[in-house]
Every structure is written in C-alpha cells, then in structure tokens.
Amino acid sequence: MELKEVVREKYGEAALRVRLGGSSCCGAAAALENCCDPITSNLYDATQTGSLPEDAVLASLGCGNPTALAELKAGETVLDLGSGGGIDVLLSARRVGPAGKAYGLDMTDEMLSLARDNQLRAGVDNVEFLKGEIEHIPLPDSSVDVIISNCVINLSGDKDRVMREAFRVLKPGGRFAVSDVVTRGEVPADVRKNMLLWVGCIAGALDDYQYVAKLAKAL
C-alpha cells in the first residue's frame, strides 16, 4: 500500500504540472528531477497527435506506443491499463470508430480529471474513463477485445494479479499489446527498495524472461 500511495501521489503531481503548462514522462530522471528522459520523448508522430489536445500529449508518461502494436479494428472494445492523461485511449477510440469503445483505467483522481477534460476537448464520445486499480479491473469477464498499457504494469507490486486480471477481462482470442520497461540481468537490491525509482519505472521492472513467464502463467 505504501508503494501504491507513492505512485498515486507522484502521478497526481505529474497531472497538475501539465495543468500548469509543464510536461511529464516516465523514467528515473522524471521521478527524481521532474524532467523528461529523451528515451521516452517523440513516441508519437504528428499524424497521431495533431488532432489531440495538447495536454493529452504533454501528459504522456509512456515508454513506447502501444497503439502502434495493436491492430485495432472497427467495432472493437479496448482497455488501457493506467491510462493517465488519455492519449492512448483517445487514439484507440478513433481507430475502433463509433461502433467500438475505448476504456481508460486509472487510480489517480488528477489524471482522471485531466483525461476527461482531454476527451471533451477532443470531441470523442466512445470513451469511458474508469477509476480503479489495474490489479482489480472493474469490468466483467470476457468483455474486452484488446488490452493496451504504456509503462504502467512495471509500477505494480503484484504483477501476477495484473496479468490474471488482464486475461480475465479479455475475450477468447483477445489481444494483449503493451509497452513496458524490462531489464537484462539483476537489478541491485538498493534500487528495488527505492520508492522514487519505482515511480520512475526502474525499480519495479522485470527481467524480460520473467515478464514472458508471468504472461504464460496467467493464460
């Protein structure tokens, strides 16, 4: 619970910085110095972001572009785990069209407020932002065609639960397309214990083979 509250606090602060005209991103530098890591910059091209509210782009905390991984189709239902300011939800909603739907799930009130404002500015109707935790997804079984996530699962202290919940809500034959931080080799114990490095997407990162193993176990 201590980890979860630290994550909630820091990402709430990130949303408020965007409100004040700043920007925010993932990475140790962002967590420790409130500045952006160049590795996480310029993840979306202008054809994607040109029609989005500026705050949705500035609030992107990701380490990749999961909407580029997922082959979304008209009429599908998409769920973004840890949706932040809503950039991936809004992009997904446009790709699935009016017959589809995009859900964003986030536990931070400030981010949810920012995302809903971005939705209004974007004029996108087929979107719903839900308050909740990715370890306890507030949707019924087999209700989602595609799950996306952008640099969020590594923030959880119970990744096995996250994976089980993801596959619970996915429909048979559904797809799981996420961008996340993984490691190659051991992470030092002092790094694992550093709360700010958890928020910065470093301390909670799994080794790549561990990530794959947890996915396989959850199937």
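Positions are given from 1 along the sequence.
One side chain, Thr67 or Asn65, offers a donor N or O that lies under 3.5 Å from an acceptor on the other.
Phe129 and Leu16 fall into different hydrophobic clusters, where Ile, Leu, Val, Met, Phe, Trp and Tyr side chains are chained together by heavy-atom contacts under 4.5 Å.
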From CA spacing to verdict: salt bridge (charged side-chain N to carboxylate O under 4.0 Å, His left out), Arg95, Glu71: CA-CA 9 Å; Arg95 289 176 63 185; Glu71 296 181 6; over 6 Å; no
Criterion side-chain contact (heavy atoms from CB on, under 4.5 Å) on Ile148 and Leu81, from CA distance to verdict: CA-CA 6 Å; Ile148 61 173; Leu81 300 179; over 6 Å; no
Stepwise side-chain contact (heavy atoms from CB on, under 4.5 Å) check, Glu76 with Arg175: CA-CA 11 Å; Glu76 289 189 317; Arg175 285 109 65 208; 2.6 Å; yes
Stepwise side-chain contact (heavy atoms from CB on, under 4.5 Å) test for Asp145 and Leu170: CA-CA 6 Å; Asp145 295 293; Leu170 272 178; over 6 Å; no
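Rounded to the nearest 0.5 Å, atoms CG (Leu114) and CG (Leu112) are 9.5 Å apart. A distance of 14.0 Å separates NZ in Lys214 from CZ in Arg161, rounded to the nearest 0.5 Å. Annotation: the span from Asp125 atom CG to Lys101 atom NZ amounts to 10.5 Å, rounded to 0.5 Å. In this structure, the separation between CG on Leu139 and CG on Leu130 is 5.5 Å, given to the nearest 0.5 Å. Put simply, CZ on Arg116 and CG on Asp106 are 9.5 Å apart, with the number rounded to the nearest 0.5 Å.
Annotation for Ala93 and Val124: closest pair CB-CG1, 3.6 Å, computed over non-hydrogen atoms. Here the closest heavy-atom approach between residue Val152 and residue Asp180 is recorded as N-OD1, 4.0 Å. Taking both residues in full, the closest heavy atoms of Leu90 and Ala122 are given as CD1-CB, 4.3 Å, listed atom of the first, atom of the second, then distance. Here the closest non-hydrogen pair linking Asp88 and Ser92 is O-OG, 2.7 Å. Nearest approach of Tyr11 to Thr108, heavy atoms of both residues: C-CG2, 4.1 Å. The two atoms that bring Ala14 and Met111 nearest to each other are CB-CE, 4.1 Å, heavy atoms only.
Aromatic pair Phe167/Phe176: ring centres closer than 6.0 Å.
You'll find the side chain of Pro138 reaches within 4.5 Å of the side chain of Leu105, heavy atoms only. Proximity of Val144 to Val78: side-chain heavy atoms (C-beta onward) are nowhere separated by under 4.5 Å. Counting heavy atoms from C-beta on, the side chains of Cys151 and Ser179 never come closer than 4.5 Å. Side-chain contact between Ile153 and Met163 is present, with at least one heavy-atom pair separated by less than 4.5 Å. You'll find the side chain of Ser83 reaches within 4.5 Å of the side chain of Val89, heavy atoms only. The shortest distance between side-chain heavy atoms of Tyr211 and Val178 falls below 4.5 Å. With contacts defined as side-chain heavy-atom distances shorter than 4.5 Å, the pair Asn126/Pro98 does not qualify. Put simply, the side chain of Arg19 reaches to within 4.5 Å of the side chain of Ser113, judged on heavy atoms.
In summary, Lys4 and Glu135 engage in a salt bridge, as defined by a charged side-chain N under 4.0 Å from a carboxylate O. Under the 4.0 Å criterion applied to side-chain N and carboxylate O atoms, Glu13 and Arg8 are not assigned as salt-bridge partners.
Surrounding NZ of Lys171 are more than 12 heavy atoms belonging to other residues, nucleotides or ligands, all under 6.0 Å away. Counting heavy atoms of neighbouring residues, nucleotides and ligands inside a 6.0 Å radius, atom CG of Asp141 exceeds 12 of them.
For Asp109, the side-chain hydrogen bond (donor to acceptor under 3.5 Å, both in side chains) partners are Lys131, not counting sequence neighbours.
A distance-only check finds no donor-acceptor pair linking the side chain of Asp207 to the backbone of Gln210 [under 3.5 Å]. Distance alone, capped at 3.5 Å, places no donor-acceptor pair between the Glu165 side chain and the Ile134 backbone.
Here the rule is side-chain contact (heavy atoms from CB on, under 4.5 Å) with Val146, and of Leu72, Val96, Thr77, Leu79 only Leu72 fits it.
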